[in-house]
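Proteins get letters first, then strands, A, B, ... in listed order; numbering begins at 1 in each.
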There are 2 protein chains.
Amino acid sequence: MSQGEGAGAAGVDLETSLGYLLKEASSSLRAAMEAALRPLGMTVTQYSCLELLSQRPGLSNSELARGAFITRQSMNVLLQALERDGLVTRPAAAPVGKALPTRLTARGRRTLDRASGAVRAVELRMLGEMTEAERAAAFALLQGMVVRLRGGEATVSAPSAD
Amino acid sequence: MSQGEGAGAAGVDLETSLGYLLKEASSSLRAAMEAALRPLGMTVTQYSCLELLSQRPGLSNSELARGAFITRQSMNVLLQALERDGLVTRPAAAPVGKALPTRLTARGRRTLDRASGAVRAVELRMLGEMTEAERAAAFALLQGMVVRLRGGEATVSAPSAD
DNA sequence: CAATCTATGTCAGAATACTGACATGAGTCA
DNA sequence: TGACTCATGTCAGTATTCTGACATAGATTG
């Protein structure tokens with residue numbers, strides 16, 4: 001049966017699997033981002049958090065966690081560190097409910113600006129010579145995969161970001 | 001200017017970023033695989049290791065680590081557990097060099113067979129109604145990204161054709 | 001032959017993310 | 001109003017992965 005080399009029938013052929021290649025691409029991207037952010041003393045997750053806050057000010061801890069694809073507990077630890085370092089601010093009390101709207105400080109924005117350039121360079125390198133049509137095709141194909149994997153769930157619900 | 005909502009010029013627009021979408025897709029795939037493997041009491045990394053060993057018997061610890069996109073130290077921890085549970089075997093002494101060729105046991109193969117079906121179902125769901133041409137296109141596009149990301153690190157040159 | 005380089009396996013500690021749990025605030029519904 | 005459900009923030013413990021370090025085996029090089 002599939003006991004020798006060729007395990008392509010019952011299993012997933014790693015040579016041609018889109019899932020495996022997707023993981024490889026994501027791993028490569030993460031490694032490249034880590035290398036680009038290391039000189040700035042920043043991790044990928046920290047950058048993701050700051051970038052999210054830049055484009056969607058006032059996101060709560062849970063919303064940031066979903067946007068960075070980690071749990072809200074992990075994001076909470078990260079936010080506490082960022083708050084301690086003066087990169088973000090959170091009100092002591094929630095204006096409504098329990099959600100604490102987080103915002104970048106001036107220092108946080110400056111830190112993000114440096115990192116954002118490095119990350120954009122990585123993304124540009126990744127895109128390379130891809131044409132606009134190819135980028136659009138890749139975007140559509142990946143989006144389709146996400147939709148089917150999640151069963152048609154939305155990504156990050158964008159609340160009224162003031 | 002770019003400090004409010006629309007930070008599309010200096011940074012990376014998360015709404016249209018292929019990198020962000022790539023991370024989202026990988027996260028979705030991992031979550032789906034975890035959900036599929038949880039009933040079997042197996043993690044994604046464990047499955048990756050067993051699948052690699054099935055298709056490439058005799059891979060060493062370091063080779064498995066590269067194939068699963070983790071460090072060889074982490075893979076070593078995983079292999080020790082798999083060996084303890086009787087799913088894989090490693091010779092006590094290296095036949096050549098220091099590399100220890102790892103192989104699946106009968107029990108490991110049975111465990112993998114169950115998991116492999118579950119994972120293949122996830123991949124099929126991810127592919128959905130994609131045509132063969134679309135799959136090939138996605139594969140080629142992702143492969144290109146990997147090549148460019150792994151390629152130059154200091155040189156952002158990337159001789160563009162346009 | 002000897003020195004050097006590279007790759008590997010492994011141990012130990014640190015960093016990161018996750019699961020479990022609890023209390024709180026808001027919305028829903030009888 | 002009161003019970004119920006859901007989402008959130010947070011604490012605590014666990015699990016996984018990473019970085020650093022060391023010794024060893026083979027290849028390379030002079």
Least distance between heavy atoms, A:Phe139 atom then B:Leu21 atom: O-CD2, 3.3 Å
Between B:Leu50 and B:Met42, what is the shortest heavy-atom contact and its length? CD1-SD, 4.1 Å
Considering only residues two or more places apart or on different chains, which pairs with a residue in residues 62-76 of chain B satisfy salt bridge (Lys or Arg N to Asp or Glu O under 4.0 Å)? none
Rounded to whole Å, please give me the gap between CG in A:Asn76 and C1' in C:dT16. 14 Å
Any side-chain to backbone donor/acceptor pair from A:Glu123 onto B:Leu18? Under 3.5 Å, distance only. yes
First and last nucleotide of DNA chain D touching chain B, 5' to 3', heavy-atom cut-off 4.0 Å? D:dT17 to D:dG26
How many whole angstroms separate atom CZ of A:Arg72 from atom C1' of C:dC22? 11 Å
Just how far, in rounded Å, is P of C:dG9 from CD1 of B:Ile70? 13 Å
Provide, to the nearest angstrom, the distance between the CG atom belonging to B:Leu64 and the P atom belonging to C:dA7. 18 Å
Between C1' on C:dC11 and CG on B:Asn61, what's the gap in Å once rounded to a whole number? 13 Å
Is there a donor-acceptor pair under 3.5 Å between the side chain of A:Arg120 and the backbone N or O of B:Val12? no
Could you give the distance from CZ (A:Arg107) to CG (A:Asp85), rounded to the nearest 0.5 Å? 6.5 Å
Donor-acceptor pair under 3.5 Å, A:Gln73 side chain vs C:dG20 base: yes
Write down the atom of B:Leu100, the atom of B:Pro91, and the distance for their closest heavy-atom approach. CD2-O, 3.6 Å
For the helix from C:dC1-D:dG30 to C:dA30-D:dT1, measure the angle between the helix axis at one end and the axis at the other, each built from five pairs, rounding to 10°. 30°
Using a cut-off of less than 4.0 Å, is there contact between a side-chain N or O of A:Thr71 and OP1 or OP2 of C:dC18? yes
Provide, to the nearest angstrom, the distance between the CZ atom belonging to B:Arg30 and the P atom belonging to C:dA17. 12 Å
Donor-acceptor pair, side chain of B:Thr105 and main chain of B:Leu87, under 3.5 angstrom: yes
Inspect the contact between A:Glu24 and B:Arg150 and indicate whether a charged nitrogen and a carboxylate oxygen are less than 4.0 angstrom apart. yes
Does a side-chain N-to-carboxylate-O contact under 4.0 Å join A:Glu15 and B:Arg56? yes
Indicate, with a heavy-atom threshold strictly under 4.0 Å, whether A:Ser62 touches base, sugar-phosphate, or nothing. sugar-phosphate
Among residues at least two apart in sequence or on other chains, which ones pass ring-ring contact (aromatic ring centres under 6.0 Å, His included) with B:Phe69? A:Tyr20
Side-chain (B:Arg148) to main-chain (A:Glu129) donor-acceptor, under 3.5 angstrom: no
Residues touching DNA chain D, which here means a heavy atom under 4.0 Å, drawn from residues 77-88 of chain B: none
What are the two closest heavy atoms between B:Ala68 and B:Met75, and how far apart are they? CB-CE, 3.7 Å
Donor-acceptor check, side chain of B:Ser48 to backbone of B:Val44, threshold 3.5 angstrom: yes or no? yes
For DNA chain D, which residues of residues 94-101 of chain A approach it to below 4.0 angstrom with any heavy atom? A:Lys98, A:Ala99, A:Leu100
